[in-house]
A.B. asks: 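Here it is, the structure, as structure tokens.
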Amino acid sequence: MSLTRRDFARKSAVTGAGVALAGSVGALATAPNALASTDTESAEGRPGHGHVGVGYGPLLPDPDGILALPAGFKYRVITYSGRTKLESGEFTPSNHDGTSTFDGPRGATLLVNNHELAGPRADWPHPVPLTEGLVYDPAAAGGCTVVEVRRDHVAEWVGIAGTATNCAGGNTPWGTWLTCEETEDKAGTNGFTKDHGYVFEVDPADRRANRNPKPIKALGRYAHEAVVVDPKRGHLYLTEDASGPNGLLYRWTPPEHFHHGRGRLRTLADDAGVLQAFKCFDSGGKFVDDLSRATRIGTVYGVDWVTVPDRDAKTTSVRKQFTAGQVTRARKLEGMWWADGGAYVVSSYARDESPVQHDGAVWFYDPKRRTLTLKVLIGVNPDPSKEGNFDGPDNITVSPYGGLVIAEDGEGLQHLFGATDSGRTYPIARNELNIGTEEEPEYSEFTGVTFSPDGKTLYANIQTPGIMLAITGPWKRQKR
């Protein structure tokens, strides 16, 4: 049943929607051009364990030039493209992206790690190896590796190969990983032998389950970014990172009597279920054409869902199948995370292609109320080269210590940063690996931020050249 504009306007008048915050994560800033505040001061000016404010104190330079962390924290390199090797002998593939953790055998942690490799295999010195039985398209360079981490041992092997531009994705309640292709390339483009732009399922615990990869065409073919699963209703929510026009947020409703589980998605017919795009309207019932229109934290939009005409985009990209007024759009729809009974959704930034500019926003979709609430809004960063400002949120996770942990993919300096429930932000790590020059330094984005199942280790990647890191230290419950 759709939520009519009249219904939403009536509910808004009663509940004060558009003013009050809902859920557990607050605002980083209150309007565009207002930068997120940070807290890096420690007790009596001393960093580290004596820190009494929000966060863990100032970041200390790394003598090895990889990762600056607060006092008391340390990191371990898990994989490093071109240096560490797979069980089969090839080097770890490059361009680490979306990642999730799972309980492994005998106390190990398993991680599935996307490798965002676009275009022909020949363009990449370290593509995902074409392991027999695990290849979708032998002309494509991307895919996933599975990493097993123990206290004194790391092993890595191929989960899927021959896919393209594996960006983010998402874990499932049944213990698998959904890897998303952020491309619309069809067979014949870049030498590809098959169409791309799909979602695939990877099982970290059962290598046999990953043989003969099959795209989940029911979820559509477009520039996929991330996906989350509603464990109660069975819906999947998916983001699209695209422009010209801006991308969409999608919902897939499973067919009647379908039951989720390991490997079940790949059994679906190509047209199974219903794929829809979101359509928002404000408390007055007015249609919202783009999420960047929201300039106040706590803005709440009602959400309806509009069926996609051709989910496989045989002749026209999915997002281009809708005319003005049919759906709501947003620039750089990126990471997602399911928590608090709903989906956190990131829009990394908005520029000239959008009605209003910003340097990052996080929304929360409540499926029960069918509302979308603005939780985080970061104004345009005037100087990304200076420490203390954040921009370009991308991958995201909900912290077991409260609030959010966000991977930065902005301009200039790149951070992992936290946001408390009330909206205060604090740095967790800074990328110190300069892949540019001394005169013109350049730092790659962070990706794949996720905690270990026991909450003691924060995993994250530096995308270029491709480094997986495990961060440990005196984690603590963050004050509001």
A.B. asks: Donor-acceptor pair, Glu240 side chain versus Leu248 backbone, under 3.5 Å?
C.D. replies: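 The answer is yes, because a donor-acceptor pair under 3.5 Å joins these two groups.
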A.B. asks: Using ring centroids (six-membered ring only for Trp), state whether Phe278 and Tyr365 fall under 6.0 Å.
C.D. replies: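 Judged by ring-centre distance (under 6.0 Å), Tyr365 and Phe278 do not meet the cut-off.
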A.B. asks: Could you grab the distance from atom CG of Leu265 to atom OG1 of Thr176, nearest 0.5 Å is fine?
C.D. replies: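 It is 7.0 Å, given to the nearest 0.5 Å.
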A.B. asks: Distance check, rounded to the nearest 0.5 Å: Asp195 atom CG versus Thr189 atom OG1?
C.D. replies: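 If we round to the nearest 0.5 Å, Asp195:CG and Thr189:OG1 are 8.5 Å apart.
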A.B. asks: Does any donor atom in the side chain of Thr145 or Glu156 lie under 3.5 Å from an acceptor atom in the other side chain?
C.D. replies: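 Yes, because at least one side-chain N or O of Thr145 sits under 3.5 Å from a partner of the opposite role on Glu156.
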A.B. asks: I'd like to know if the side chain of Thr183 reaches the main chain of Ala223, judged simply by a donor and an acceptor atom lying under 3.5 Å from each other, with no hydrogens or angles considered.
C.D. replies: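 No: the side chain of Thr183 does not pair with the backbone of Ala223.
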A.B. asks: If I take atom CG from residue Leu377 and atom CG from residue Leu291, how far apart are they, to the nearest 0.5 angstrom?
C.D. replies: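 Answer for the CG-CG pair, Leu377 versus Leu291, is 11.5 Å.
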A.B. asks: Are the side chains of Val228 and Leu236 in contact, using a 4.5 Å heavy-atom criterion?
C.D. replies: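 Not touching, per the 4.5 Å side-chain cut-off.
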A.B. asks: Keeping the roles fixed (side chain from His235, backbone from Pro231), state whether a donor-acceptor pair exists under 3.5 Å.
C.D. replies: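 Checking the backbone N and O of Pro231 against the side chain of His235, no donor-acceptor pair under 3.5 Å is found.
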A.B. asks: Using atom types as modelled and distance alone, determine if a side-chain donor or acceptor of His115 lies under 3.5 Å from a backbone N or O of Ser94.
C.D. replies: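 Indeed, once roles are kept as given, a pair shorter than 3.5 Å links the two residues.
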A.B. asks: If we ignore hydrogens and angles and just use 3.5 Å, is the side chain of Glu181 paired with the main-chain N or O of Gly197 as donor and acceptor?
C.D. replies: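 Side chain of Glu181 to backbone of Gly197: a pair is present.
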A.B. asks: Verify, without hydrogens or angle tests, whether Ser399 (side chain) and Tyr401 (backbone) share a donor-acceptor contact under 3.5 angstrom.
C.D. replies: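 Yes, Ser399 side chain to Tyr401 backbone: donor-acceptor pair under 3.5 Å.
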A.B. asks: How long is the gap from OG1 on Thr397 to CG on Leu404, to the nearest 0.5 Å?
C.D. replies: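 Separation between the atoms: 8.5 Å.
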A.B. asks: Would you check, one step at a time, whether the test side chain to side chain contact (heavy atoms under 4.5 Å, CB included) holds for Leu249 with Trp305?
C.D. replies: CA-CA 10 Å; Leu249 175 67; Trp305 297 95; 4.2 Å; yes
A.B. asks: Does a side-chain heavy-atom distance below 4.5 Å link Leu134 with Trp157?
C.D. replies: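 Answer no - side chains too far apart.
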A.B. asks: Could you tell me which non-hydrogen atom of Glu225 sits nearest to which non-hydrogen atom of Glu334, and how far apart they are?
C.D. replies: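 Closest heavy-atom pair between Glu225 and Glu334: OE2-OE1, 2.7 Å.
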A.B. asks: Is there a donor-acceptor pair closer than 3.5 Å between any side-chain N or O of Arg319 and the backbone N or O of Ser243?
C.D. replies: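 Yes.
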A.B. asks: Kindly check if the number of other-residue, nucleotide or ligand heavy atoms within 6.0 Å of NZ (Lys214) is above 12?
C.D. replies: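 Result for NZ/Lys214: enclosed.
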A.B. asks: May I ask you to decide whether Asp282 forms a salt bridge with Lys286, counting only side-chain N to carboxylate O separations under 4.0 Å?
C.D. replies: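 Here Asp282 does not pair with Lys286 in a salt bridge, since their nearest N and O are not under 4.0 Å apart.
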A.B. asks: Could you please spell out the steps behind the side chain to side chain contact (heavy atoms under 4.5 Å, CB included) verdict for Leu372 and Cys280?
C.D. replies: CA-CA 8 Å; Leu372 193 69; Cys280 298; 4.2 Å; yes
A.B. asks: Is there side-chain contact between Ile396 and Val405, with heavy atoms separated by less than 4.5 Å?
C.D. replies: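 Contact flag for Ile396/Val405 side chains = no.
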A.B. asks: Judged by atom type as modelled, is there a donor-acceptor pair below 3.5 Å linking the side chain of Thr457 to the main-chain atoms of Ala470?
C.D. replies: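 Checked: no pair found.
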A.B. asks: Are any non-hydrogen side-chain atoms of Cys167 and Asn114 less than 4.5 angstrom apart?
C.D. replies: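 The answer is no; the side chains never approach within 4.5 Å.
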A.B. asks: Check whether Phe287 forms a cation-pi arrangement with Lys279 (NZ or CZ under 6.0 Å from the six-membered ring centre, at most 45° off the ring normal).
C.D. replies: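 Output yes; distance and angle both within limits.
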A.B. asks: Mind checking the OG1-OH spacing from Thr328 to Tyr301? Nearest 0.5 Å is all I need.
C.D. replies: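 Nearest 0.5 Å value for the OG1-OH distance: 8.5 Å.
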A.B. asks: Does a donor on one side chain and an acceptor on the other come within less than 3.5 Å for Asp312 and Tyr222?
C.D. replies: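 There is no such pair between these side chains.
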A.B. asks: For Thr172 and His260, which I'm curious about, is there any donor-acceptor pair between the side chains at under 3.5 Å?
C.D. replies: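 No, no side-chain donor-acceptor contact under 3.5 Å.
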A.B. asks: Kindly say whether the aromatic ring centers of Trp363 and Tyr237 come within a distance under 6.0 Å.
C.D. replies: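 So the answer is no for these two rings.
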A.B. asks: Within the structure provided, determine whether His196 and Asp137 are in side-chain contact (heavy-atom separation under 4.5 Å).
C.D. replies: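 Yes, side chains in contact.
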A.B. asks: Show your working on ring pair (Phe, Tyr, Trp, His ring centres under 6.0 Å) between Phe200 and Tyr136 and close with a plain yes or no.
C.D. replies: CA-CA 10 Å; Phe200 297 78; Tyr136 170 66; 4.9 Å; yes
A.B. asks: Calculate, to the nearest 0.5 Å, the distance between atoms OG1 and CZ belonging to Thr307 and Arg251 respectively.
C.D. replies: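 Reported to 0.5 Å precision, the distance equals 9.0 Å.
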A.B. asks: Just wondering, do Ile428 and Leu458 contact through their side chains at under 4.5 Å, heavy atoms?
C.D. replies: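 SC-SC contact between Leu458 and Ile428 confirmed.
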A.B. asks: Side chains of Val149 and Arg76: closer than 4.5 Å at any heavy-atom pair?
C.D. replies: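 Counting from C-beta outward, Val149 and Arg76 do come under 4.5 Å.
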A.B. asks: Does Arg221 pair with Glu184 as a salt bridge, N-O distance under 4.0 Å?
C.D. replies: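 Salt bridge between Arg221 and Glu184, a charged N being under 4.0 Å from a carboxylate O: no.
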A.B. asks: Shortest non-hydrogen contact from Ala277 to Val308?
C.D. replies: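 Closest approach of Ala277 to Val308: N-CG2, 4.3 Å.
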A.B. asks: Per the side-chain contact (heavy atoms from CB on, under 4.5 Å) rule, which among Thr450, Thr99, Asp97 passes with Asn395?
C.D. replies: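 So the option named by the test is Asp97.
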A.B. asks: Could you tell me whether the side chain of Thr101 and the main chain of Phe451 form a donor-acceptor pair under 3.5 Å?
C.D. replies: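 Yes, because the side chain of Thr101 sits within donor-acceptor range (under 3.5 Å) of the backbone of Phe451.
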A.B. asks: Using the ring centroid of each side chain, check whether Trp177 and Phe102 are separated by less than 6.0 Å.
C.D. replies: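 Not close enough - the centres of the two rings lie 6.0 Å or further apart.
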A.B. asks: I'd like to know whether Tyr250 forms a side chain to side chain contact (heavy atoms under 4.5 Å, CB included) with Thr239, so could you lay out the CA-CA distance, the side-chain angles of the two residues, the decisive distance to 0.1 Å, and finally the verdict.
C.D. replies: CA-CA 6 Å; Tyr250 298 92; Thr239 49; over 6 Å; no
A.B. asks: If every non-hydrogen atom of Pro427 is compared with every non-hydrogen atom of Leu59, which pair is closest and at what distance?
C.D. replies: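 Closest approach of Pro427 to Leu59, heavy atoms only: CB-CD1, 3.8 Å.
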A.B. asks: Are any of the side-chain nitrogens in Asp206 or Arg208 under 4.0 Å away from the carboxylate oxygens of its partner?
C.D. replies: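 Salt bridge present between Asp206 and Arg208.
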A.B. asks: Does one side chain, of His415 or Glu408, offer a donor that lies under 3.5 Å from an acceptor on the other?
C.D. replies: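 Yes, a side-chain donor-acceptor pair sits under 3.5 Å.
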A.B. asks: Indicate yes or no: at least one non-hydrogen side-chain atom of Leu69 is less than 4.5 angstrom from one of Tyr75.
C.D. replies: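 Answer yes - side chains close enough.
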A.B. asks: On a heavy-atom basis, which atom in Ile471 and which in Phe73 lie closest, and how many Å separate them?
C.D. replies: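 Heavy-atom minimum between the residues: CG2-CD2, 4.1 Å.
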A.B. asks: Under 3.5 Å, side chain of Gln414 to main-chain N/O of Asn431, donor-acceptor pair present?
C.D. replies: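 The answer is no, because no donor-acceptor pair under 3.5 Å joins these two groups.
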A.B. asks: Quick one: closest heavy-atom pair of Val146 and Pro204, and the distance?
C.D. replies: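 That closest heavy-atom pairing would be CG1-O, 3.9 Å.
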A.B. asks: Before accepting this row, confirm whether a basic side-chain N of the pair Asp289/Arg293 lies closer than 4.0 Å to the acidic partner's carboxylate O.
C.D. replies: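 Arg293 and Asp289: salt-bridged.
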A.B. asks: So which heavy atom on His96 is nearest to which on Asn113, and how close?
C.D. replies: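 The answer is CD2-OD1, 3.1 Å.
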A.B. asks: Run Val147 and Ile78 through side chain to side chain contact (heavy atoms under 4.5 Å, CB included) and show every step you take.
C.D. replies: CA-CA 9 Å; Val147 182; Ile78 303 299; 3.8 Å; yes
A.B. asks: For Lys332, run the salt bridge (Lys or Arg N to Asp or Glu O under 4.0 Å) check against Asp394, Asp241, Asp290 and tell me which one passes.
C.D. replies: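 Among Asp394, Asp241, Asp290, the one meeting salt bridge (Lys or Arg N to Asp or Glu O under 4.0 Å) with Lys332 is Asp241.
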